[in-house]
Student: 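Please find one structure pasted underneath; my questions will follow.
Note on naming: letters A, B, ... go to the chains in the order of the sequence lines (proteins, then strands), and numbering restarts at 1 for each one. Only this structure's heavy atoms are used, side chains among them; waters, hydrogens and symmetry mates stay out.
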Amino acid sequence: MRLPISEVKPDTGTATVIGWIHEIRDLGGLSFYILRDRTGFLQATIVKKKAGEDVLAAAKEASRESVVKISGVVKESDKAPGGREIIPEKFEIISKAETPLPLDVSEKVPAEIDTRLDNRYLDARRPKVAAIFRIRSEVTHAISDYFYKNGFINITTSKIVAAATEGGTELFPIAYFEKEAFLNQSPQLYKQMMMGAGFEKVFEIGPIFRAEEHNTTKHLNEATSIDVEVSFADHNDVMALLEKVINVAYEAVAENCQPQLDILGTKLQMPSKTFPKLPYADAIDIAAGKIDEDIKYGDDLSSNAERAIGSEMGEHYFITDWPRSIKPFYAMPYEDRPDISKAFDMMHPKMELSSGAQRVHQYDLLVEQIKLKGLNPDNFEFYLKPFKYGMPPHAGWGVGMDRLITTMLDLPNIREGVLFPRDRHRVTP
RNA sequence: GCCCAGCUAGUGUAGAGGCCUAUCAUGCAACCCUGUCACGGUUGCGACUCGGAUUCGAAUUCCGAGCUGGGCGCCA
């Protein structure tokens, strides 16, 4: 029976392990093979005078990163990593690795991110990389779990859509038989339709596509979005939910991923239970006072302004009360201040993580706002129709999963937290 | 879309007109080595993105192409 490497203890006795050869050190009469699986490292020690012919032959044949199966007696040894080593009685090459390797898994020689992404399957053998994705899995699990426990329905909506809906971002056109179609930029309109369906609380964790030609460490053309929509809730309700969800994610990682955090050398900066709410007008004032740029009310926040405000706030925070002019048509305006919308962004000091709003649920107001944006309501018929037949008031948000991981682990590039990132130039692997 | 930078062995690099038959590390091969943990030692293998120009001479300067990274804009 194969034993995970982390379960090999000094007193295990006889064991069989399977893993990749991480390093080989040949000292002459004695050689060391460092074996790696997803749980850790184990040193196999071969004393050439004592080892069998077939063990010696296989060991000589084995190259770094080959998959091997080793059976033998485990011995306590304070000279070995982990305080134990295995003395192979059987040494079988299960899958031999060619040489040279496209990149150095043992990290003696660094590789650039581009080389690493081209060879992601090898890159992901590095414990630091594997740790990121173990943590990302934990975040997904914890957040989903929280939603399930609080009465949310997990939905999946179509990523193929007929037309540009929300406006704003560029869409990828695709070939869809004889029709024009696009990859969806957001599940926004579908979530809202499910409010019309009476689902009341829904969430979706799935891909979104943006065809922007940006080239930065915080943008992707395919991203994962954590989306929620809640009926009979306003913007304040869903901001409270968002704080909770971010906290749930951090707490789960702190609780269940300490080994991975240790491998990464990362100390989690735990978020506050509630995030400060900064009205947009005040955010503009802060930015205008800190940076030498012509910033005025009604502008969107530049990267520079975002950073300036972020360093002032120093933690997760909301920017609330945005001018209606720079938020989407589905954001609800305040009854008494129609130029201001009940929209918010949730920020990490380094970048925007989320945006959300209480939505417009009144048909007439929605049509009016679509027109106000210079869009044609006729193009939104599939979306507008549910608003005629009993649409409850509702609110929601979307969080960029990739950015959440990037900021949580303080990664230098958003691509670090995505297995197979899609950016301006990369479509493979 | 705008701007900046880069491209040298499998990987990461040195290189500023002749010192380049191109440095170093890692890797790989062979040999030596019984406690390594970035093992050590000796020898060897392996590269200037492409095209044009300038020059007696170009990895190095110039022009063009290709590819890549990053910043801004836009966007989340």
Student: Could you tell me the separation between the CD atom of A:Glu61 and the P atom of B:C28, rounded to a whole number of Å?
Tutor: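 In whole Å, B:C28 P and A:Glu61 CD are 14 Å from each other.
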Student: Can you confirm whether the side chains of A:Glu204 and A:Thr157 place a donor and an acceptor under 3.5 Å from each other?
Tutor: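 Side-chain D/A pair, A:Glu204 to A:Thr157: present.
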Student: If you check the A:Asn413 side chain, which of B:G70, B:U11, B:C75 turns out closest?
Tutor: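 Nearest to the side chain of A:Asn413 among the choices is B:G70.
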Student: Hey, which sits more toward the 5' end of RNA chain B by its nearest nucleotide, A:Arg415 or A:Gly400?
Tutor: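 Checking each residue's closest nucleotide, the 5'-ward one belongs to A:Arg415.
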Student: Determine the contact category for A:Lys49: base if any of its heavy atoms lies under 4.0 Å from a base atom, sugar-phosphate if only primed atoms, P, OP1 or OP2 are that close, otherwise nothing.
Tutor: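 Base contact.
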Student: Could you give the CZ-to-P distance, from A:Arg403 to B:C75, as a whole number of Å?
Tutor: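 Those two atoms, CZ and P, are 12 Å apart.
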Student: What is the nucleic acid contact for A:Ser302, judged by heavy atoms within less than 4.0 Å: base, sugar-phosphate only, or nothing?
Tutor: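 Sugar-phosphate, no base atom in range.
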Student: Nearest-Å distance, CG (A:Asp104) to C1' (B:G12)?
Tutor: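 After rounding, the reported distance stands at 10 Å.
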Student: Take atom P in B:A5 and the same atom in B:A65, then report the distance between them in whole Å.
Tutor: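 Roughly 16 Å separates the two P atoms.
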Student: Let's see if you can work this out: which of B:G12, B:C72, B:U36 has an atom nearest to the side-chain heavy atoms of A:Pro110?
Tutor: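 For the A:Pro110 side chain, the nearest candidate turns out to be B:G12.
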Student: Do the side-chain N or O atoms of A:Thr99 get closer than 4.0 angstrom to the phosphate oxygens (OP1, OP2) of B:G10?
Tutor: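 For B:G10, OP1/OP2 do not have a side-chain N/O of A:Thr99 under 4.0 Å.
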Student: Figure out the NZ/P separation between A:Lys327 and B:C75, and round it to whole Å.
Tutor: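 The answer, rounded to whole Å, is 10 Å.
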Student: Check whether the side chains of A:Ser63 and A:Ser66 place a donor and an acceptor atom closer than 3.5 Å, and report yes or no.
Tutor: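 Indeed, the side chains of A:Ser63 and A:Ser66 share at least one donor-acceptor pair under 3.5 Å.
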Student: Please give the nucleotide sitting opposite B:U54 as a Watson-Crick or G-U wobble pair, both distances under 3.5 Å, or none.
Tutor: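 Its partner is none (no Watson-Crick or G-U wobble pair with both distances under 3.5 Å).
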Student: In the 5'-to-3' direction, what one-character label does each nucleotide of nucleotides 38-43 of chain B receive under the scheme B = base within less than 4.0 Å of a protein heavy atom, S = sugar-phosphate only, - = no such atom?
Tutor: SB----
Student: Do A:His361 and A:Tyr330 have ring centres separated by under 6.0 Å?
Tutor: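 A:His361 vs A:Tyr330: aromatic centres not under 6.0 Å.
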Student: Once you round it to whole Å, what is the distance between P of B:C72 and CD1 of A:Ile291?
Tutor: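 About 12 Å, once rounded to whole Å.
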Student: Please tabulate, one pair per line, each protein N/O and nucleotide N/O from nucleotides 46-49 of chain B that are separated by under 3.5 Å, including the distance.
Tutor:
none

Student: What I want to find out is whether A:Arg136 reaches A:Asp402 closely enough, with some N-O distance under 4.0 Å, to be called a salt bridge.
Tutor: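 Result for this pair is yes, salt bridge flagged.
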Student: Between B:C28, B:U11, B:U34, spot the one nearest the side chain of A:Ala111, thanks.
Tutor: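 Selected nucleotide: B:U11.
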Student: Quote, to the nearest angstrom, the C1' distance that separates B:U8 from B:A47.
Tutor: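 So the two C1' atoms sit 6 Å from each other.
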Student: Please report, rounded to the nearest Å, how far the P atom of B:G69 is from the NE2 atom of A:His219.
Tutor: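 Rounded to the whole Å, the gap is 16 Å.
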Student: Check every strand shown and say whether A:Pro81 touches a base, only sugar-phosphate, or nothing at a heavy-atom separation below 4.0 Å.
Tutor: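 Counting heavy atoms under 4.0 Å across all strands, the contact made by A:Pro81 includes a base.
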Student: In whole angstrom, what separates A:Asp423's CG from B:G71's P?
Tutor: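 That distance rounds to 12 Å.
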Student: Give the nucleotide from the list B:G69, B:G27, B:G35 with an atom nearest to the side chain of A:His425.
Tutor: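 It is B:G69.
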Student: Once you apply the 3.5 Å cut-off to both distances, tell me the Watson-Crick or G-U wobble partner of B:C74, or none.
Tutor: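 Paired with no nucleotide.
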Student: NA contact type, A:Arg36, heavy-atom cut-off 4.0 Å: base, sugar-phosphate, or nothing?
Tutor: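 Counting heavy atoms under 4.0 Å across all strands, no contact is made by A:Arg36.
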Student: Could you tell me whether the side chain of A:Arg403 reaches within less than 4.5 Å of the side chain of A:Lys218, counting heavy atoms only?
Tutor: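 Of all side-chain heavy-atom pairs linking A:Arg403 with A:Lys218, at least one is under 4.5 Å.
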Student: Ring centroid separation for A:Phe318 and A:Phe275, is it under 6.0 angstrom?
Tutor: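 Yes: the rings meet the under 6.0 Å criterion.
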Student: Dump the pairs, protein N or O against N or O of nucleotides 1-8 of chain B, anything under 3.5 Å, distances to one decimal.
Tutor:
unit_1: B:G1; atom_1: OP2; unit_2: A:Glu213; atom_2: OE1; d: 2.8
unit_1: B:G1; atom_1: O6; unit_2: A:Glu213; atom_2: O; d: 3.2

Student: Over 60° means perpendicular and under 30° means parallel, so classify the ring planes of A:Phe329 and A:Tyr383, tilted if in between.
Tutor: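 A:Tyr383 and A:Phe329: perpendicular rings.
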Student: Please determine, for B:U49, whether a Watson-Crick or G-U wobble partner exists with both distances under 3.5 Å, and give it or none.
Tutor: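 Here B:U49 is engaged in a pair, and the nucleotide opposite it is B:A65.
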Student: Can you tell me how far C1' of B:U11 sits from CD1 of A:Ile113, to the nearest Å?
Tutor: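 Interatomic distance, CD1 of A:Ile113 to C1' of B:U11: 15 Å.
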Student: I want to know whether A:Phe172 and A:Phe209 have ring centres closer than 6.0 Å.
Tutor: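 For A:Phe172 and A:Phe209, the ring centres are not under 6.0 Å apart.
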Student: Have a look at A:Thr217 and say if it touches a base, only the backbone sugar-phosphate, or nothing, with a 4.0 Å heavy-atom cut-off.
Tutor: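 Sugar-phosphate contact only.
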Student: Between A:Phe203 and A:Tyr148, is the gap from one ring center to the other below 6.0 Å?
Tutor: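 Yes: the rings meet the under 6.0 Å criterion.
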Student: When the C1' atoms of B:C74 and B:U13 are considered, how many whole Å apart are they?
Tutor: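 Result for the C1' pair: 37 Å, nearest Å.
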